[in-house]
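What follows is a set of notes on a single structure, which appears directly below.
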Amino acid sequence: MIKKLTSGLCYALCAILLVSSCTPGKEYPIVIETDMKRSDTHSFAHPEEAVVTHLSWHARVNFELKKIDATATLTIKSTADAKQLVLDTKDLTIKSITNGNNEALNFSIGETQPFLGAPLTINITPKTKNVLVSYETSENAEALQWLEPSQTTDKSYPFLFTQSQAILARSWVPIQDSPGIRFTYDAQVEVPKELLALMSASNPTEKNESGIYTFEMKQAIPAYLLALAVGDVQFSALGKRSGVYAEPSVLAQATAEFEDLEKMISAAEKLYGPYRWDRYDLIVLPSSFPFGGMENPRLTFATPTILAGDKSLTSLVAHELAHSWSGNLVTNANWNDFWLNEGFTVYFEYRIMEALYGREYSEMLALLSLQDLKTEIEEMKAADQFKDTSLKFDLTNRNPDDGMTSIPYDKGYFFLRMLEEKVGREKFDGFLKDYFTSNSFKTMTTEQFTKILQTQLFDAYDMDVQPALYEAWIYTPGLPADCPNPVSDKFENVDKALTTWLANQSKEELQASYHSDDWSTHEWLRFIRNLPDTLSTDQMQALDQAFGFTATGNSEIFNVWGILIIANQYEAGYGRLESFLIHTGRRKFLMPLYKEFVKTPEGIEMAKAIYQKARPNYHFVASSSIDALLGL
Ligand code: BES
Ligand code: ZN
């Protein structure tokens, strides 16, 4: 506890030093680097004393009791005078702890702290090599979502999946849950015989008689990449090293939607070096999955809301694939450096999409990003959160989830794109490829990165780049003046079409002069997002009749349209809206809709009524955000 406080204090001090020490000179900003590297204020672990290097996990998944019974055998490396191994836990019931010789080890569980859970301190000697923790998870383990058959797509079998990022792994495995600590793992998992178990590891492709599955992850990963899914899923191959798992009724559509996956992997390798995880598979989860995608190594978890039928939302797959380099190979050292994971990944994602579908396509993605970013900065400013709009900021004593705004993603992207434009693509690509190769399976802080950038890129090419550049992009809130401007003829066409529409509401003219029949999802998103906030019922009706937005099967399009339904009290859209909210668990879609509702008293009533029905379908990460929004 005291140690936590001092390290937190040290961190705050570092942050102050960082912003105040902006004297010119190429050394900036490198401050007490070694200190910062170890100071993950979101983990209780003391890796400098004893660190986990391997996890051997034996588990039984019990759907009746909604709990996992398990033994985690941890291989540790410790100092010559090590006395304690400290693990992170959250709501775990510890049954016994022994060493490799079956001798009981004394342990204590510390005070539970907000967000963090409780430290599990185990007494060890320098000779202790293995620690066996036998435990079970609690009914409200935050990483786990247990679904009744009725909550799955096929409605026949129960389903379980985990979501460990950022700090929820500790709710299902007692582990050192810090992105700066990597370990290999193997597992043996017993599940009901009708179900298949999959992990972020080597995976089976079919069910077996015993219901016992074994897994191996030979590459060292941080705890937030531990993942498990159990359900009635089948496998379909997409290429020689890729495939997709989904519930039977979803499998054919998923296979068609992701047919370009192998091309994406090749494009990614061509850009930034070999794929290091052997296989790349996807699992399409039931609709309550709270994210679009999660880059669990070897097995990306994905929402079914990207199955649009026309491959138009697969940039999300490019994103999760890109994490196989940015994030999974080179990992943010702690959650204050989250932009290193996500900003690099968005940059890489757009480069993959450009390689497959052309610059015009990736520029549309970039423009949608820029709009998101500008809106988010304005909203955060209005909500007194402007300081959180710098790329690096301090999340000590806060939920790391608070850092999950479009800042690390989109501002991170534009920072890297600005660098690319400054030095030229060829040099930048060479730099990035080398960066991923030299830092594979390592962790990275913002300060290490800027140092590498300075020496390997700017100094190497004799470029006079001033520290003010980092200061503006990384440590200053808001959007820097030299933010790149993506260009899209297609979006210019959409903008003109929008003006025309608002003047005369003629579908025919949009078709004849602006080719709206051929518009892609992204053009429609641009169109709907740029409609005025306030529209009359006649206008909403005219739009709906002309373009069928309420009935669209495209989740991204319905999501932006849904905001207009709420804002303009467009009753014809209420039925679909309610059903969308009940059947979608993806927080990125839910939050903007609920936020629109809470702007008016009638909206709040409606939101509460819908939420009452929808909440049982949401994962903890979604329901906790909405509980807070609705003041529940
Ligand atoms: N790693 C993130 C999801 C995440 C971040 C989960 C932080 C928990 C804490 C994932 O790669 C992601 O960014 N998903 C996005 C996809 C998108 C940007 C294409 C999502 O879920 O919307
Ligand atoms: Zn991501």
Side-chain angles (χ1 to χ4, degrees), residues 42 115 142-143 145 161-171 177 179 200 221-227 264 268 280 282 284-285 287-297 299-306 308 312-332 334-353 362 365-366 368-369 372-373 376 395 398-413 416 521-522 525 555-556 559 584-592 619-622 624-625:
H42 293 108
F115 318 119
E142 290 172 354
Q145 190 172 15
F161 65 82
T162 63
Q163 169 56 45
S164 297
Q165 196 181 12
I167 54 169
L168 305 181
R170 60 193 69 178
S171 73
D177 191 6
S200 51
I221 59 161
Y224 80 87
L225 295 177
L226 284 173
M264 285 185 179
Y280 181 86
L282 286 155
V284 179
L285 293 166
S287 62
S288 67
F289 183 57
F291 293 105
M294 176 63 214
E295 66 273 26
N296 297 315
L299 184 68
T300 282
F301 282 19
T303 167
T305 62
I306 53 171
S312 67
L313 302 179
T314 53
S315 59
L316 184 135
V317 175
H319 179 97
E320 304 314 331
L321 171 66
H323 271 305
S324 308
W325 286 258
S326 44
N328 298 5
L329 271 191
V330 185
T331 309
N332 51 209
N334 64 66
W335 298 115
N336 299 328
D337 296 309
F338 182 54
W339 79 273
L340 288 176
N341 272 20
E342 296 300 342
F344 275 71
T345 298
V346 172
Y347 179 82
F348 196 167
E349 166 196 344
Y350 294 176
R351 293 295 303 275
I352 294 171
M353 295 312 273
S362 60
L365 296 177
L368 291 169
S369 256
D372 276 340
L373 178 59
E376 181 107 47
L395 285 162
R398 294 170 65 182
N399 189 341
D401 222 43
D402 290 0
M404 214 197 160
T405 67
S406 78
I407 305 302
Y409 289 82
D410 300 319
K411 189 174 177 182
Y413 164 75
L416 296 171
T521 296
H522 306 102
L525 289 174
S555 59
E556 292 277 354
N559 195 229
T584 310
R586 186 174 175 186
R587 186 172 63 176
K588 181 192 130 183
F589 288 160
L590 300 177
M591 288 308 281
H619 184 278
F620 165 78
V621 298
S624 60
S625 299

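Numbering of ligands and ligand atoms starts at 1, following listing order.
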Any nitrogen or oxygen of [X] lying under 3.5 Å from a nitrogen or oxygen in ligand 1? Just yes or no.
| X | answer |
| --- | --- |
| His323 | yes |
| Lys588 | no |
| Gly292 | yes |

Practice problem: Using heavy-atom distances, let me know which of Tyr409, Phe589, Phe289, Phe301 sits nearest atom 12 (C) of ligand 1. | Solution: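 It is Tyr409 whose heavy atom sits nearest to atom 12 (C) of ligand 1.
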Practice problem: Pick whichever of Glu295, Gln165, Glu349 has a heavy atom sitting closest to atom 6 (C) of ligand 1. | Solution: Gln165
Which ligand 1 atoms does [X] reach within 4.0 Å, using its non-hydrogen atoms?
| X | answer |
| --- | --- |
| Phe338 | 5 (C), 7 (C) |
| Arg586 | 22 (O) |
| Gln163 | 6 (C), 8 (C) |
| Glu342 | 1 (N), 2 (C), 11 (O), 13 (O) |

Practice problem: For Leu316, check side chain to side chain contact (heavy atoms under 4.5 Å, CB included) against everything at least two apart and list the hits. | Solution: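 With sequence neighbours excluded, Leu316 shows a side chain to side chain contact (heavy atoms under 4.5 Å, CB included) to Ile306, Glu320, Arg586, given in chain and number order.
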Quiz item: What do the steps show when you test Arg587 against Asp401 for salt bridge (charged side-chain N to carboxylate O under 4.0 Å, His left out), and what is the final call?
Solution: CA-CA 12 Å; Arg587 186 172 63 176; Asp401 222 43; 2.5 Å; yes
Quiz item: Of all the non-hydrogen atoms in the protein, which one sits nearest to atom 16 (C) of ligand 1, and at what distance?
Solution: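 Protein heavy atom at minimum distance: Glu320 OE2, 3.6 Å.
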Quiz item: Closest non-hydrogen protein atom to atom 10 (C) of ligand 1, residue and atom name please, with distance?
Solution: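 Going atom by atom, the protein heavy atom closest to atom 10 (C) of ligand 1 ends up being Gly293 O, 3.2 Å.
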Quiz item: Which atom names give the shortest non-hydrogen contact between Thr331 and Pro179, and what distance separates them?
Solution: CG2-O, 3.7 Å
Practice problem: Check Ser164 against Leu226 and note the closest heavy-atom contact, atom names and distance. | Solution: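 Answer, listing the atom of Ser164 first, then Leu226: OG-O, 2.8 Å.
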Quiz item: Which of parallel (below 30°), tilted (30 to 60°) and perpendicular (above 60°) describes Trp335 and Tyr224?
Solution: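 Perpendicular.
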Quiz item: For Tyr280, which residues count as a ring-ring contact (aromatic ring centres under 6.0 Å, His included) partner, sequence neighbours excluded?
Solution: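 Tyr280 satisfies ring-ring contact (aromatic ring centres under 6.0 Å, His included) with no other residue.
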Practice problem: Show your working on ring pair (Phe, Tyr, Trp, His ring centres under 6.0 Å) between Phe161 and Phe301 and close with a plain yes or no. | Solution: CA-CA 9 Å; Phe161 65 82; Phe301 282 19; 7.1 Å; no
Self-check item: Pairwise distance OG(Ser200) to CE(Met294) - rounded to 0.5 angstrom
Solution: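 CE of Met294 is found 9.0 Å from OG of Ser200.
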Practice problem: For the Zn ion (ligand 2), find the closest N/O/S atom belonging to Glu342 and write down its atom name. | Solution: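 Nearest N/O/S atom of Glu342: OE1.
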